[in-house]
Amino acid sequence: MQRTYLAFQRNAKLHTLQAVVTAVKSVAALEEANKSVFKQASEDDQVVVTDQTIFHPQGGGQPSDVGVINSANGASFDVSMVRMSAVNDGEVLHFGRFANASLTFAPGDSVTQIIDSEKRNLYSRYHTAGHVLGAAVRHLLEAEVANFDELKASHFPDSAACEFQGLIEGKWKDAIQARVDEYINKNMPVEIDWWDENDFKANGLERLIPDRKAMGMTDEEKFRVVKIIGAEVYPCGGTHVDTSELCGKTNVKKISRSKGTSRVSYVLP
């Protein structure tokens with residue numbers, strides 16, 4: 001099975017895209033590992049696979065895009081969630097339902113993908129804001145908190161937070177907010193680049209080198225990184241706004257601690 005080309009990683013400003021259908025499957029016909037991805041699906045729901053996509057699959061802390069896929073014959077497929085296949089490496093599964101069950105796609109059909117632009121922008125703002133928060137906490141507390149490191153993050157609007165190794169006391173909340181405000185107001189450019197291992201080493205960021213084999217990447221492929229100019233660089237496959245200011249006011253909600261780790265939650269207006 002051919003990997004789906006992730007067009008949004010090269011140009012996140014594409015909100016419509018022409019693609020070719022490579023497969024249409026009922027959820028009932030999916031492999032068990034992929035059925036488990038769509039636990040809330042009914043037997044009438046379908047999965048569409050295309051040669052390329054502008055739909056960001058859920059992953060990396062970011063929710064999936066939603067939208068619609070249309071064909072010239074009048075078939076319309078409402079995309080309610082998008083995931084990476086658990087079976088076929090690099091294959092993107094668009095999950096949803098045809099508006100008219102008698103009008104569907106067939107492999108080889110040319111289709112037009114259209115994402116929900118309002119949600120894409122919201123998810124991009126949250127994702128960039130999460131990296132701004134991570135950078136702010138690192139720069140402020142890396143030398144203050146024992147065994148400090150950045151762990152993972154959720155950029156879902158209803159549960160956005162960054163997790164860190166080490167115990168961050170509540171007294172740091174105002175200082176973190178001030179540093180986040182500073183970075184947002186500086187209107188730092190946000191750029192996408194493609195690095196190999198040597199690029200990480202040349203920038204003193206060996207700690208960030210991803211696991212190539214675990215990601216199913218060839219030796220020739222480069223890692224996608226997001227650079228918040230003046231702050232930090234992160235390996236990242238998600239979508240972002242063009243500058244830190246476009247995140248909008250990023251409010252630090254609270255700091256919680258458990259079993260040697262700390263969670264700093266945030267919310268956007």
Side-chain angles (χ1 to χ4, degrees), residues 1-23 34 37-38 47-71 76-86 88-96 105 109-132 153-157 160 189-195 210 215-218 220-229 233-244 246-248 268:
M1 181 64 69
Q2 185 177 2
R3 292 167 69 178
T4 307
Y5 179 76
L6 306 179
F8 65 86
Q9 288 196 342
R10 297 288 177 174
N11 184 358
K13 290 185 170 59
L14 288 173
H15 287 204
T16 65
L17 180 74
Q18 299 299 120
V20 176
V21 175
T22 59
N34 280 328
V37 173
F38 302 121
V47 167
V48 172
V49 182
T50 52
D51 63 333
Q52 58 179 333
T53 189
I54 52 169
F55 285 86
H56 181 286
Q58 181 174 311
Q62 182 171 331
S64 80
D65 284 320
V66 296
V68 67
I69 303 176
N70 297 323
S71 69
S76 182
F77 183 76
D78 293 316
V79 179
S80 58
M81 71 177 81
V82 187
R83 299 287 191 276
M84 298 301 298
S85 171
N88 298 315
D89 183 48
E91 182 183 63
V92 175
L93 306 177
H94 305 85
F95 163 85
F105 306 146
D109 284 357
S110 293
V111 293
T112 302
Q113 299 178 342
I114 306 169
I115 61 169
D116 183 320
S117 296
E118 185 175 340
K119 286 187 176 178
R120 161 65 71 82
N121 184 55
L122 177 64
Y123 299 158
S124 297
R125 289 173 56 222
Y126 262 95
H127 203 148
T128 303
H131 286 324
V132 170
S154 167
H155 310 297
F156 282 67
V190 179
E191 299 178 358
I192 302 299
D193 205 350
W194 298 84
W195 285 8
M215 295 176 69
M217 295 174 61
T218 66
E220 293 74 33
E221 289 180 279
K222 291 192 173 185
F223 303 104
R224 187 175 185 268
V225 298
V226 57
K227 302 191 292 188
I228 302 174
I229 306 301
V233 176
Y234 291 96
C236 182
T239 63
H240 294 275
V241 290
D242 289 337
T243 71
S244 60
L246 291 175
C247 296
L268 303 183

Colleague: Stepwise, does the side-chain contact (heavy atoms from CB on, under 4.5 Å) test hold for Asn34 with Leu93?
Modeller: CA-CA 9 Å; Asn34 280 328; Leu93 306 177; 3.7 Å; yes

Colleague: Heavy atoms only: give me the nearest Arg125-Gly248 pair and the separation to one decimal.
Modeller: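 In terms of heavy atoms, the two residues are closest at NH2-CA, 4.3 Å.
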
Colleague: Any chance you could measure Met84, atom CE, to Asp89, atom CG, to the nearest 0.5 Å?
Modeller: 7.0 Å

Colleague: If I take atom NE2 from residue His15 and atom CG from residue Asp116, how far apart are they, to the nearest 0.5 angstrom?
Modeller: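 One gets 9.5 Å once the value is rounded to the nearest 0.5 Å.
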
Colleague: Side chains of Thr50 and Gln113: donor-acceptor distance under 3.5 Å anywhere?
Modeller: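 Thr50 vs Gln113: donor-acceptor pair found between side chains.
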
Colleague: Of all heavy-atom pairs between Gly61 and Phe156, which one has the smallest distance, and what is that distance?
Modeller: O-CD1, 3.4 Å

Colleague: Excluding sequence neighbours, so at least two apart, what forms salt bridge (Lys or Arg N to Asp or Glu O under 4.0 Å) with Asp78?
Modeller: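 Per chain and number, Asp78 pairs via salt bridge (Lys or Arg N to Asp or Glu O under 4.0 Å) with no residue.
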
Colleague: Side-chain contact test, heavy atoms from C-beta onward, threshold under 4.5 Å: evaluate it for Pro210 versus Phe223 and give yes or no.
Modeller: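 Sidechains of Phe223 and Pro210: in contact.
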
Colleague: Would you sort out whether Val226 and His131 count as a side-chain contact (heavy atoms from CB on, under 4.5 Å), showing the intermediate values?
Modeller: CA-CA 9 Å; Val226 57; His131 286 324; 3.8 Å; yes

Colleague: With respect to Val79, which candidate in Ile69, Asp65, Val66 satisfies the side chain to side chain contact (heavy atoms under 4.5 Å, CB included) definition?
Modeller: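 With Val79 as partner, Ile69, Asp65, Val66 yield a single side chain to side chain contact (heavy atoms under 4.5 Å, CB included), made by Ile69.
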
Colleague: Would you check if the distance from the ring center of Phe77 to the ring center of His94 is below 6.0 Å?
Modeller: no

Colleague: Residues two or more places apart in sequence or in another chain: which of them pass side-chain hydrogen bond (donor to acceptor under 3.5 Å, both in side chains) with Thr112?
Modeller: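 Counting only residues at least two positions away or on another chain, Thr112 forms a side-chain hydrogen bond (donor to acceptor under 3.5 Å, both in side chains) with Gln18.
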
Colleague: So which atom in Arg120 and which in Ala12 form the shortest heavy-atom distance, rounded to 0.1 Å?
Modeller: NH1-O, 3.1 Å

Colleague: Counting C-beta onward and ignoring hydrogens, is there a side-chain heavy-atom pair between Thr4 and Asp51 closer than 4.5 Å?
Modeller: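 Sidechains of Asp51 and Thr4: no contact.
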
Colleague: If I take atom CD1 from residue Ile229 and atom OG from residue Ser244, how far apart are they, to the nearest 0.5 angstrom?
Modeller: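 Answer rounded to 0.5 Å: 11.0 Å.
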
Colleague: Apply side-chain contact (heavy atoms from CB on, under 4.5 Å) to residues Val48 and Phe105 and explain how you reach the verdict.
Modeller: CA-CA 8 Å; Val48 172; Phe105 306 146; 4.0 Å; yes

Colleague: Measure the CG-CG distance between Asp109 and Asn70 for me, rounded to the nearest 0.5 Å.
Modeller: 12.5 Å

Colleague: With Met81, which residues qualify under side chain to side chain contact (heavy atoms under 4.5 Å, CB included), at least two apart?
Modeller: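 Here the qualifying residues are Phe38, Gln40, Ser64, Arg83, Phe95.
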
Colleague: Distance check, rounded to the nearest 0.5 Å: Arg3 atom CZ versus Glu91 atom CD?
Modeller: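 Result: 12.0 Å between the selected atoms.
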
Colleague: To the nearest 0.5 Å, what is the distance between CG on Leu268 and CG on Leu122?
Modeller: 7.0 Å

Colleague: If the plane angle is over 60° it's perpendicular, under 30° parallel, otherwise tilted; pick one for His240 and His127.
Modeller: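 Geometry flag for His127 against His240: tilted rings.
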
Colleague: Heavy atoms only: give me the nearest Ala7-Ile54 pair and the separation to one decimal.
Modeller: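 Heavy atoms of Ala7 and Ile54 come nearest at CB-CG2, 4.2 Å.
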
Colleague: Heavy atoms, side chains only, cut-off 4.5 Å: are Ser154 and Tyr126 in contact?
Modeller: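 When only atoms from C-beta onward are counted, Tyr126 and Ser154 do not touch, as no gap falls below 4.5 Å.
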
Colleague: Where do Val241 and Thr128 come nearest, in terms of heavy atoms and distance?
Modeller: N-OG1, 3.2 Å

Colleague: Would Thr239 and His56 count as having a side-chain donor-acceptor pair, cut-off 3.5 Å?
Modeller: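 No, no side-chain donor-acceptor contact under 3.5 Å.
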
Colleague: Determine the minimum heavy-atom distance between Phe55 and Val82, stating which atoms define it.
Modeller: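 Result for this residue pair: CB-CG2, 3.8 Å.
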
Colleague: Would you please test Trp194 and Arg224 for side-chain contact (heavy atoms from CB on, under 4.5 Å) and show each step?
Modeller: CA-CA 5 Å; Trp194 298 84; Arg224 187 175 185 268; 3.5 Å; yes

